[in-house]
Amino acid sequence: MANNPGDFRNPKIQDTGKKSSGGIGKWIGIGLAALVVLLLLLWLFGALGGEDAAVETSDPDAVTAPTN
């Protein structure tokens, strides 16, 4: 039995004053967030569009008029 029955259900919470900086997990989260933002910006500005660039090729069978 506890020495002081009033403290039986009263846990002591101690604050050591040491704040956790997050370590490597924080940097991984920042990196992933930056990657998502960059991909979103690329998508919004059309860099990730599925359109292929049209390359104009000359048809060897086409008849063209000579220019002077």
Side-chain angles (χ1 to χ4, degrees):
M1 190 162 177
N3 292 337
N4 187 356
D7 288 341
F8 184 73
R9 296 274 180 185
N10 190 9
K12 306 264 192 284
I13 300 174
Q14 298 176 355
D15 185 16
T16 60
K18 182 179 173 185
K19 306 253 184 220
S20 174
S21 64
I24 193 70
K26 178 181 176 181
W27 289 108
I28 290 173
I30 290 171
L32 287 175
L35 182 65
V36 168
V37 168
L38 286 175
L39 288 174
L40 179 65
L41 288 173
L42 285 172
W43 178 71
L44 284 175
F45 290 115
L48 297 179
E51 301 172 8
D52 292 335
V55 177
E56 189 172 331
T57 59
S58 62
D59 187 8
D61 295 335
V63 177
T64 58
T67 58
N68 293 337

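By convention here, the first residue in the shown sequence is residue 1. What you see is a predicted model; the values in this text were computed from it and never measured.
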So CZ of Phe45 and CG of Leu40: to nearest 0.5 Å the spacing works out to 9.5 Å

**Asked** Hey, any chance Ile24 and Leu32 share a hydrophobic cluster, counting ILVMFWY side chains that come within less than 4.5 Å of each other, even indirectly?
**Response** yes

### Task
Determine, using the 4.5 Å side-chain heavy-atom cutoff (strictly less than), whether Trp27 and Leu35 are members of one ILVMFWY cluster.
no

